[in-house]
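Single-structure report; data block below.
This structure is a prediction, so every number in the text was calculated from the model and none was measured.
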Amino acid sequence: MAYLSMGESHRRITDYLNRFADAINYQDGDSLARLFSVSSDSPSLLSLADALNVFQDANRLIKQSEKFSQFGEVVAPFFRSLQCYRLGNLVDAYGAFEKASNAFIQEFRNWESGWALEALYVIAYEIRVLAERADRELASNGKSPEKLKGAGSFLMKVFGVLAGKGPKRVGALYVTCQLFKIYFKLGTVNLCRSVIRSIETARIFDFEEFPIRDKVTYMYYTGRLEVLNENFPAADQKLSYALTHCCLSKEANIRMILKYLIPVKLSIGILPKKQLLENYDLVEYNNIVEALKRGDLRLLRSALQENEDQYVVILFLRSGVYLVLEKLELQVYQRLLKKIYIIQKQKDPSKAHQVKLEVIVKALKWLEIEMDLDEVECIVAILIYKNLMKGYFAHKSKVVVLSKQDPFPKLNGKPVAS
Amino acid sequence: SGYYNGYQQQTNNQYSQQQPNPSYSQPVEAYQNTGAAYQPNSSFQNTGSYAGTASYSTTYYNPGNYQTSGGYPSSGYNNQPTAWNNGSYANYTSYQYPNYTSDTSSAYSSVSAPATYQQQYKQWPEYYSQTEVTCAPGTEHLSAASNSNHGSSLPTSLPPPPPLPPPSLTPTWRPETSSSELPSMQPGGAASGAHDNYWNQPAPSFQTHLAAPTQPIYQNSLDSKTSYENFQELKTAPQGLNSQYPVVHQVSQNYQSTLPTVPSFDARRVSKLQIPTNPRIASNAALGIAKTEKDSYAANSAPRPAYISVSVQKPNDKMSPNNAADPMLKPTMLPKSLRGYVERAFGRYKDDDAKRAACEAYMKDIITEARADGTLYTRDWDSEPLFTVPDSLSISKANIQTPTHASIPNYNKSPVRRSKSRWEPLAEEKMLEKPVSASNEIGKYGSWDRKTFSGYSATKDNSLSSFRFSGPQQRTPSKSAQRPMKRQRIVNGTGLTNNDDDASSDSDKEQSLTAYYSGAMALANNPEEKKRRESRSKRFDRGQGHRPDINYFKPKNAGPANLYTRRASALMLSKSFDDSANQAVEDIDWDALTVKGTCQEIEKRFLRLTSAPDPSTVRPEDVLEKALLMVQNSQKNYLYKCDQLKSIRQDITVQRIRNQLTVKVYETHARLAMEVGDLAEYNQCQSQLQILYSEGIEGCLMEFAAYNLLCVILHSNNKKDLLTSMSRLTPEAKEDDAVKHALAVRAAVTSGNYVTFFRLYKSAPNLNTCLMDLYVEKMRYKAAVCMSKSYRPTVPISYIAQILGFSNAADENGETELSGLDECLEWLKAHGASLITDNTGEMQLDAKASSSTLYMPEPEDAVAHGDSSLAVNDFLARTT
């Protein structure tokens, strides 16, 4: 750091204070937002941080004039946070920032209009980002990371400020999304429910009136929640909404949405084009799609098998789609039986609807999957039970008798019966 | 101690009061040190009241002693009345005088100009009347006492009646002041004067005081020689005893007589904290001086009243009236429940003075903390757990603590209060400047958290000890006088740089400071004090060998002795700052608080703890091992074993044992619980085991990983949990048979593959079967529904029995197969299946008919609370 004179430091600090005061006086939310964005590493804030480290007595400056001292509760801890942030002490930076934010929220609560929403967004974002970094710092010091949890409860408070009626409600969804991010990171997704309820039950405010970016994020996360619940139609609807409304230039975001949407679509019988997987670098789904197309159980299992491709499996486990993909197995069986049926039909159309159990066992054997009659019988029973196959199983003769009409009904967007 | 005892018999109340003298000199140092460290914390209002005297004596000597002295003696009077009743009248009066005079003089001299003096003087009558009112219980005595004092003191020829008492002391004072302390003080005063208008006035007054006022006093003293002599006799005798172990005696005594004083301790502490500021400011910062002085000025008036109450006979009564009388004091007053808490705390150490001292220190912290965070009145003291005092602590603590609590507090109360009314306005006028001083303090605070701290200790000053309120006694007088200056410099360096937020501090806070300040100064002059100091310094030499800890307390020493101090500091810090505080709290050494059990009984019923565990009922580790063995080999039923295991777990928890024994206990319990299907208990054990395993403690990790998986799959059906526990499995774990089995079960369950499920059920390793058992019913039902829908026209029962695991030993002989078949038949009937017999005579399931009639029957052994293992019969069996 180049040498910074006391006078220059003083100038920078007063400059910041002036801009802060102006932003509030003119209700300039955008300017105010920029003044809060600690983690943006904007040059002006960095230089301010340096100035603060040189000129230790910034609080006196704040108190000196009536103009600044009224914001003292916000600015003083903010300065401390900035200082700590600059010095790499993220835990303290977070603590001070939360203090500043708290003071700001108190002020914000009293403002009639939502002019400062932009600033509030920045604060909500910074709270989360700083908490994440602080937790990383804590974890690396062997202490228990708890700041993100604290950030969660703080944002819950912010949500409370916004969630009521009035012009500020527009901001509620942004905070909700930040909360989702925290909860998903912490693995406490069940906490999302209360927030969702208050967003979705409030009829005073039409969901469509929220900013589009927040709506996309919101749909993405609620869609993921539905994936976890294995409620595929709802997941499909939410994730599709997110996909169609997502800005096309945000490829990373589209990819994130597809990561969940593809398994959901697969499980309701809709396969993606290969081009899509390649465009968005989702090649981990290639084999699975291929297995579904071919009825290749071995391929599916290898794609999901632990030791074959550890990375992909862990990826699936982490994102929570593993269980969804695993359930595709029945569809692969269905495909396999359908193929046997088609081959039989080519050989002898009159007997095509009777599939002997032995044939299925043999087909599986070719796929190097060893299953005895009882197991296959069970699979067949399940296929029929789940309506992936029409017909019945005759135990005595060990034959699957398929319906003559549409023996392998397509899912067509409906989930497999449970 | 003998002396004290005798004393006490004569006058219970007085005893505590008198004690203070020996301790006085000691406190001084302590205060200074503390001041540096603690300043930020000082949010206390009343504090100033009593501590003031003690602390000041060594540190700051104010030439101007005499001015206010009048006021102080009066306070002494108040106290005395009680003494008189007891019949030790002469002794007491004289004895107390020295203290009072010193206090008053110092306090006033530093702050006030001659004018102030007069004001005080005028107030006297009021004061007296006030005291009478406040001390309702002892009213009669008080009035008598005051009168008598007047009579005696008036002869001294000083215009103000109150000043009289000082005369006796004066002779001794003068020499001291002029020689040692005066010089140092004056420069400071002059400097401050230059900077601050306010000070200009006082500065001149100083000199005048020295010259003129003292002399008259001196003369007076001659006149009142008799009293003086009495005083000296008294004093010397106690001193010899006191000097060495003053702490112990005092502490115990004080407590018995006046529990209510506790609040005042806090106050005192605050004042201590601030004291350092003053010196620093005086020497280094012109700005600071003016304010602090003023503040202290104001402080004198306010804080004192608290003390008044103490001196009176019944502590409780005294306290409350005083408080009521003075709004400022109110904060000091302790809620009843807290008083009870304090009594309980001390009640435990009736026999151990040293421990009690430690206890006292700890108590102070608690109360200070409570006050700082505003929970003093809201906290449920009745249910607040008591703390324990380690033995090692007690000695050092006792030494340390004495000065602080000891008796000091009592003296000043009344005088201060009186002055308060006058002085308060003054203080407020100066409020404008106040913010600065406040900010200074805070700044110090900030710097203090860690680094400064270490810096201090490095200087090898008492800073640390002072931090803890210790050490002061050991200092020799000369040292103490010099120390402050050094420290001041340090403090300034840090303090000035960080000026932190809210400057608004209670005026009371600062006031209390001043009170201390002044008191200390006054003491310094006293010849008695000098003697005491000498003896103390000697003792110090001796003492070092005995308890080296005290002097060299450093934060790094993690010994139990430090625990409390550290804890205290942590608490203090946490109150004042939010962020840095957290760290401090995290660093508390909980190990030293851990219970060590002594119980030797192997068998013990489980009882949920409702209070801190009693070591005598807690079994140590070796006994617990035996207990575990006993349970493992026991033939009794699960309820007995569960009870025993829970008590073992409890003992392990309170002793914070975390090793293989812990793992073994939890594993044993988890297995037992699984065997009987007690999922609630099993889950508790499982979650503990996961933590233990993650700490790297060995155990049957794989086995329990498998159990965990099974449990999540079969019983919680929480997808998120399942995913996390699956992604946590290491590649090695996936090779483990039990884990593999569990994963296979999971796959079977999610796909609904009943054939695989029941095959796995038969081949389950360990206790996996037990967990699967709980799912068998559900799986069979699902299978039956599935089969009834997909099979046509019929399914043989024998096949169903085989597939659904009814014939466990089917292959071995026909008999069991039959029984399996019968069992299956029963089960199918119970679930509403429609059965037919075909032409070969074999029982068949009519699939089509059954598909609409199958149902899940209510479990027969269902109980309202959902846990059949806790059925009434078992419960009754257990209790008989």
### Query
Is chain A contacted by the side chain of Ser788(B), its backbone, both, or neither, given a heavy-atom distance below 4.5 Å?
neither
#### Entry: Contacting moiety of Thr756(B), where chain A heavy atoms sit under 4.5 Å
side chain
Calculate, to the nearest 0.5 Å, the distance between atoms [atom1] and [atom2] belonging to [X] and [Y] respectively.
X	Y	atom1	atom2	answer
Cys378(A)	Phe757(B)	SG	CZ	12.0 Å
Leu383(A)	Cys786(B)	CG	SG	9.0 Å
Asn753(B)	Glu375(A)	CG	CD	6.5 Å
Leu722(B)	Leu323(A)	CG	CG	5.5 Å
Gln844(B)	His395(A)	CD	NE2	8.0 Å

### Task
Establish, for the pair Lys398(A) and Tyr799(B), whether the NZ or CZ atom is under 6.0 angstrom from the six-membered ring centre and no further than 45 degrees off its axis.
yes
### Query
Side-chain contact, heavy-atom cut-off 4.5 Å: Tyr385(A) with Val785(B)?
yes
### Query
Quick one: does Ile384(A)'s side chain get under 4.5 Å of Lys789(B)'s, heavy atoms only?
no
Would you give me the side-chain donor-acceptor pairs under 3.5 Å for residues 387-394 of chain A, sequence neighbours excluded?
none

### Query
For Glu284(A), does the CD atom have more than 12 heavy-atom neighbours from other residues, nucleotides or ligands under 6.0 Å away?
yes
#### Entry: Closest-packed option against chain B by number of heavy-atom pairs under 4.5 Å, given Val380(A), Asp374(A), Leu228(A)
Asp374(A)
### Residues Ser751(B), Leu330(A); criterion side-chain contact (heavy atoms from CB on, under 4.5 Å); working and verdict
CA-CA 8 Å; Ser751(B) 63; Leu330(A) 280 183; 5.6 Å; no
### Message
For Glu73(A), which atoms come within 4.5 Å of any heavy atom of chain B: side chain, backbone, both, or neither?
### Response
neither
### Task
Decide side-chain contact (heavy atoms from CB on, under 4.5 Å) for Glu326(A) and Thr750(B); before the verdict, give the C-alpha distance in whole Å, the side-chain angles of both, and the deciding distance to 0.1 Å.
CA-CA 9 Å; Glu326(A) 197 187 43; Thr750(B) 45; 3.6 Å; yes
### Task
Could you tell me whether Asp372(A) and Arg759(B) make a salt bridge, using a distance below 4.0 angstrom between a side-chain N and a carboxylate O?
yes
